Structures are given as C-alpha cells and as structure tokens.
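Have a look at the structure below, then the notes.
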Amino acid sequence: MNCIDLFSGCGGLTLGLSRAGIRGIFAVEKSPDAFLTLQHNLMIKKTHFDWPDWLEKKSHDINVLLEEHKSDLLRYQGKVDLLAGGPPCQGFSLAGRRKKSDKRNSLVDSYIKMVEIIQPSFILLENVRGFTVPFVTNGKETQYSSDVVRKLKDLGYYVDFKLIDFAEFGVPQHRTRFILVGVRKKNGVPNNAAKEFFSKLYAKKDEFLKLKGILATNSVRDAIGDLLLSNGTYSSDEFPRFQFGKYGKTETPYQKLMRADTKTDFPDSHRFARHNDAITTRFSIAIKEQLSSAAYRSRFDLKKSSTKCLNSELPTPTLTTLPDDYIHYSEPRILTVREYARIQSFPDDFVFLGKYTTGGKRRVLEVPRYSQIGNAIPPLFGEIAGCVLMEMKNAYNN
C-alpha cells in the first residue's frame, strides 16, 4: 500500500503508517522546521519515501504545489492507495480563537482538490473536534464537516467520520479528534466500507495493543516516569545554559515500548526549562495542593493562565503547542520536549530538530519542537489506522 501525506508536520502520521507497512510516495509540509524533522527521521535515517524526481525534497505549500505541478500530480491519478493528512486546525479549535475567516480553514478545500486530482482508493483526514461545530454568521450556519462529506461523496467516495479519543488506543493523553475515512466506490467495495473502517478499528484495538505489549489506557506516569529530573543531569555544548536529563530505570510496558530502539543513556531533546525561584515555588505549591487551572489563577492572582497540574495516575489533557500550560505531576517544572513526544507516542529514537521554543511575532513563522509535537497525530494511532486500511485494501482486492 502506498500513501501521499498532506500537511505532514514533523511526521507523526507518516511514522505510524510506515510502521503499519504503508510506503510513502511523498509528503507535503509548509513549515521548513517541521519538514527538517520529518526529513531527518523518515528520509535520511530511514528511507520511507519513494520520492519523485520532479519534486524537490524540501518544505512545500500545498497551493503552490497544486498550481505549479498539476500535470505531475495527474500522473498519479488512480495509482495512489491512500491520501492522508490533517489540514491545520487552529481556525476550528474550540481551545483557541475560533474564526470562520481564518485563512487556514480554506486548506481543507486544498485537500479536497488533491483528492479530485489523484483519486486515491482511500482517504484519511484528521482534524480537531471543533471541525464538527458550525460557525454561525448572521444567523446562518456553516459546518465544515458536512461540506467536506458532501464534496467527497460527490467525488465518488463512501464517507464516514467519528470523534475519537486517542487515549482509548494506548496514547497517554485524552486527545479527541475528528477522523474521516473515505473509500472510493468501485466493484467489490461495499457501500458501508467507510463505516467498516471504524468497526474494524475498535475490533482490532485489543489485539494491536497486546502485540505492542501495552495497556489500553496509560497514565502520564506510565509514559514519562523514567524521565525525572532527579535521575541526574548533564551539560551540552550546543546549549551550555541548560541542563539535560538522563534515563532512569524502565518501569512500565509503555516506557519499554518507547525505548525499544534507543541505544543511549541520554534521551533526545530532554532539556529542562530554566525556571526562576518564584516560578519553582509556585509550581511546588500547585503540585502539593493539586490546584486546578482556576484555583492556580486565583491562588497567585494571575489574570491569564491555563496552567494545569498533571495527575500522575491519569492520561494528560490534550497537549497544546504551549508547554507552559502543564506542570509536571511530581517535579516543579514544565515538561521537556522528550516528555511531550512520549505523551504523543513518538518513540525515543525519533529525533526533533530546530528551536525548542519561539515567541512573539515569530510564532507565525516558526514551528519549534514543542509545536511540532503538539500539532502531530500520535504515531501509535496512525499505526493501528494503517493496519486497518491495509486489511481493507487486501479484502477489497480479493
């Protein structure tokens, strides 16, 4: 099975699909920062893609690609098994400044244009749950999910979607996302094919997680309990003002899975923030008193803060691109990039490149490591989804 990955980010979905045995053709990602991470892990360390000669191996804007390479894309018509990806979601997110006018919302139409040109056998589209919530302007509703379903049906697809919490699939994070599947109508494909994806997904879950050796539900401690600051630190010449963490003893099946392919005592991107004494004291109180976000704001008279103290025995809330939103469950600090990656189910041998953080006006242009991970589709979910799609392709071809 082969795949083109649109809005690929740093490669979370691509990694999951590759582990399911799906071969990449190429990926489209606008951010040079995110593409650099994808390229390092899935094009240099591993050769996952059969990248075409006509497309330069770099970041690309999907609309420029559609405009300048339509004839090249048309060569793939009817020859691609899967078109996958998650169009940028900030304009739909219930957690952000939800705007119908956000220009990123129109990238969903770019995704559909690619479907129209390439006519893949399968479509896998991910977005935030706010994608199903209508915008209301002057009493008139606009619901993007309904529009997408209608357009894909008009293009000849059976379509279904569900809101799925990735915490049900072993990811140590409550992350509910809109997942849409389309199956191209042809002989041998039943009219309930798209619905069948979701029934197969849940039916396969227990077997998949058993093969992975992990539980269906994993807590934040299960995920990152071996990455404590108390394990000890070391200095790096690249970032001399910061301390980096060492591995502790592997304590859970999830940690064992994430560390399976690592050959070092020093986790990648496990750099600790440099908090001042006032912040450390504030965090210590929050941990001791298990303060909610509202209680945290009230306790320290803060006007704007969504800071959450993580519960060690539960999956985390949805990770955002802002690491200051979360306090470690037992240490007075924010999470490291590697802890973020663990919670998103990136294995420890997946290396992140670029800046760790950014701010101000640069946030519009740069995608640092925390943002790359916060925007990603968890590879663990991508893998099980890929396994189901492979089964469906084999069944329909037979």
Side-chain angles (χ1 to χ4, degrees), residues 5 7-19 27 29-42 45 59 85-86 88-90 93 95-96 126-128 166-167 169-177 218 220 222-224 227 239 242 244-245 254-255 257-259 262 267-273 306 308 310 315-328 333-359 362-363 366-383:
D5 189 1
F7 312 103
S8 60
C10 68
L13 179 58
T14 299
L15 175 62
L17 295 175
S18 72
R19 291 192 157 195
E29 170 53 42
K30 184 178 181 179
S31 163
D33 300 323
F35 185 83
L36 192 65
T37 294
L38 179 145
Q39 184 178 41
H40 176 81
N41 290 280
L42 293 161
K45 283 176 63 180
S59 57
C89 61
Q90 291 89 340
S93 177
E126 179 263 4
N127 215 293
V128 293
F166 295 151
F169 294 86
V171 179
Q173 175 190 183
H174 285 298
R175 189 179 187 90
T176 299
R177 286 296 186 264
N218 294 287
V220 63
D222 292 334
I224 65 172
L227 296 174
F239 300 99
F242 291 86
F244 287 75
Y254 187 88
Q255 293 168 20
L257 177 66
M258 293 296 105
R259 289 171 60 170
T262 55
D268 167 68
S269 301
H270 192 33
R271 188 185 87 172
F272 296 108
S306 57
K308 303 171 183 66
L310 297 175
T316 71
T318 300
L319 292 186
T320 69
T321 59
L322 302 173
D324 291 349
D325 282 353
Y326 312 100
I327 304 172
H328 189 279
R333 59 178 178 83
I334 63 171
L335 301 177
T336 67
V337 165
R338 178 48 52 189
E339 287 169 328
Y340 244 58
R342 278 279 188 91
I343 292 166
Q344 279 278 59
S345 77
F346 281 95
D348 284 18
D349 67 331
F350 195 94
V351 174
F352 293 91
L353 301 178
K355 292 184 177 181
Y356 277 74
T357 60
T358 190
R362 296 193 308 276
R363 285 192 62 82
E366 299 175 343
V367 183
R369 299 186 197 193
Y370 281 106
S371 297
Q372 291 176 32
I373 299 167
N375 288 333
I377 299 173
L380 198 61
F381 179 80
E383 184 174 353

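Heavy-atom basis, side chains included; hydrogens, waters and symmetry copies ignored. Position 1 is the first residue of the sequence; numbering continues from there. Treat the numbers as computed from the prediction; the structure is a model and nothing was measured.
- Distance CG/Leu38 to OG/Ser31: 11.0 Å, rounded to 0.5 Å.
- Remark: Arg271 is positioned above the aromatic ring of Tyr356, its terminal NZ or CZ atom under 6.0 angstrom from the ring centre and at most 45 degrees off the axis.
- Scanning all heavy atoms of the two residues, the minimum distance from Arg175 to Ala376 falls at NH2-O, 3.6 Å.
- When side chains are defined from C-beta on, Leu15 does not count as touching Asn41, because their heavy atoms never get closer than 4.5 Å.
- Arg19 is not listed as a side-chain neighbour of Pro379, based on a closest heavy-atom distance of 4.5 Å or more.
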Report the C-alpha separation of Val220 and Tyr326 in whole Å, then their side-chain angles, then the decisive distance to 0.1 Å, and conclude whether the side chain to side chain contact (heavy atoms under 4.5 Å, CB included) test is met.
CA-CA 12 Å; Val220 63; Tyr326 312 100; over 6 Å; no
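- In this structure, Gln255 contributes its side chain and Asp222 its backbone to a donor-acceptor pair below 3.5 Å.
- If you take OG on Ser59 and NZ on Lys30, they are separated by 10.0 Å, rounding to the nearest 0.5 Å.
- Residues Leu380 and Phe166 fail the side-chain proximity criterion, which asks for heavy atoms closer than 4.5 Å.
- Relative ring orientation between Phe242 and Phe239 is described as perpendicular, the plane-to-plane angle rising above 60° on a 0-90° scale split at 30° and 60°.
- With values rounded to the nearest 0.5 angstrom, Thr357 atom OG1 is found 8.0 Å from Arg362 atom CZ.
- Shown here for Thr14 and Leu42, the closest heavy-atom pair between the two residues is CG2-CD1, 3.7 Å.
- Taking 4.5 Å as the limit, some side-chain heavy atom of Phe272 sits within range of a side-chain heavy atom of Thr336.
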Derivation and outcome, side chain to side chain contact (heavy atoms under 4.5 Å, CB included), residues Leu322 and Arg363
CA-CA 11 Å; Leu322 302 173; Arg363 285 192 62 82; 3.6 Å; yes
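- Taking NZ of Lys308 as the reference point, atom OG1 of Thr320 lies at 7.0 Å (rounded to 0.5 Å).
- Pairing each heavy atom of Ile334 with each of Asp324, the nearest pair is CD1-OD1, 3.7 Å.
- The backbone N or O of Val351 sits nowhere less than 3.5 Å from a side-chain atom of Lys45 that would complete a donor-acceptor pair.
- Using a 4.5 Å heavy-atom cutoff, the side chains of Gln344 and Pro378 are in contact.
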What do the steps show when you test Ile224 against Leu335 for side chain to side chain contact (heavy atoms under 4.5 Å, CB included), and what is the final call?
CA-CA 10 Å; Ile224 65 172; Leu335 301 177; 3.9 Å; yes
Given the rule in the side chain to side chain contact (heavy atoms under 4.5 Å, CB included) test, do Ile377 and Arg177 qualify, once you have shown the distances and angles that lead to the verdict?
CA-CA 9 Å; Ile377 299 173; Arg177 286 296 186 264; over 6 Å; no
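- Side-chain contact, Thr262 with Asp348: no donor N or O sits under 3.5 Å from an acceptor N or O.
- Looking at Tyr340, its side chain never comes within 3.5 Å of a backbone N or O of Arg369 through a donor-acceptor pair.
- When all heavy atoms of Asp5 and Gly85 are compared, the pair lying nearest together is OD1-CA, 3.7 Å.
- Proximity of Phe352 to Ile373: side-chain heavy atoms (C-beta onward) are separated by under 4.5 Å at one or more points.
- Taking the side chain as every heavy atom from C-beta outward, Leu227 and Pro267 approach each other to under 4.5 Å.
- A distance of 5.0 Å separates NE2 in His270 from CD in Glu339, rounded to the nearest 0.5 Å.
- Note that the CG atom of Asp325 and the CG atom of Leu310 stand 10.0 Å from one another [nearest 0.5 Å].
- Across Ser371 and Thr321, no two heavy atoms sit closer than the pair OG-CB, 3.6 Å.
- The side-chain heavy atoms of Asp33 and Lys355, taken from C-beta on, include no pair separated by under 4.5 Å.
- The heavy-atom pair separating Gln372 from Val367 by the smallest distance is NE2-O, 3.1 Å.
- Using a 4.0 Å cut-off between charged side-chain N and carboxylate O, Arg338 and Asp268 make a salt bridge.
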